[in-house]
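As structure tokens, the structure follows; a few thoughts come after it.
Quick caveat, the model's predicted, so the values are computed rather than measured.
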Amino acid sequence: MHLHETHPEIIKRLKRATGHLNSVITMLESGRTCLDIAQQLQAVEKAVSNAKKTLIHDHLDHCLDHAVKADGEGSPDLIREFKEITKYL
């Protein structure tokens, strides 16, 4: 199992995003204003974005740092992984 100390925080953020998204659906179904819906969608985007950033930063801080220390230097696979994950920032 691949679990980091930030994963509970990420789960909390994603659950919050789920709640916001469910609110958007309810708002659409009940005919709320576009401004209200847009504000709620912004909250969804922010919660998901923050969860993603936390996950990526945690990976960069811990996983890659650990791998570099274990190897003594960055391997081509490690560098490729670093480049690959940073495209999601």
Side-chain angles (χ1 to χ4, degrees):
M1 185 163 169
H2 193 76
L3 186 63
H4 294 275
E5 69 179 55
T6 59
H7 286 185
E9 177 186 343
I10 293 167
I11 291 167
K12 180 179 167 185
R13 290 175 189 266
L14 292 174
K15 286 182 178 182
R16 187 177 310 127
T18 300
H20 289 309
L21 191 55
N22 286 332
S23 293
V24 170
I25 293 167
T26 300
M27 292 168 79
L28 284 164
E29 292 171 341
S30 66
R32 294 281 296 271
T33 68
C34 290
L35 176 59
D36 289 343
I37 294 166
Q39 289 171 333
Q40 196 68 18
L41 283 170
Q42 178 64 29
V44 172
E45 286 182 3
K46 187 173 181 178
V48 171
S49 178
N50 285 337
K52 180 180 72 170
K53 285 179 187 177
T54 300
L55 178 76
I56 292 170
H57 289 165
D58 183 54
H59 179 74
L60 295 175
D61 288 345
H62 297 99
C63 297
L64 294 179
D65 184 49
H66 177 71
V68 169
K69 287 178 182 177
D71 281 347
E73 62 180 68
S75 69
D77 289 339
L78 180 62
I79 293 167
R80 186 172 35 259
E81 181 182 352
F82 176 79
K83 288 179 181 178
E84 186 71 22
I85 198 165
T86 59
K87 76 179 181 183
Y88 297 107
L89 287 174

E29 and I25: side-chain contact (heavy atoms from CB on, under 4.5 Å), yes or no, with the steps? CA-CA 6 Å; E29 292 171 341; I25 293 167; 3.6 Å; yes

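The OG1 atom of T6 sits 11.5 Å away from the CD1 atom of I56 when rounded to the nearest 0.5 Å. The CD atom of E5 sits 10.0 Å away from atom NE2 of H7, with the distance rounded to the nearest 0.5 Å. Taking CG of D36 as the start and CG of L41 as the end, the distance is 11.0 Å to the nearest 0.5 Å. To the nearest 0.5 Å, atoms CD (Q39) and OG (S23) are separated by 13.0 Å. To the nearest 0.5 Å, atom NZ of residue K52 and atom CG of residue L14 are 12.0 Å apart. Remark: L60 CG to L55 CG distance equals 9.5 Å, nearest 0.5 Å.
Looking only at distances, no side-chain donor or acceptor of S49 sits under 3.5 Å from a matching main-chain atom of E45.
The shortest non-hydrogen separation linking M27 to I37 is CE-N, 3.7 Å. Nearest heavy-atom pair, V48 versus A17, reported as atom, atom and distance to 0.1 Å: CG2-CB, 3.8 Å.
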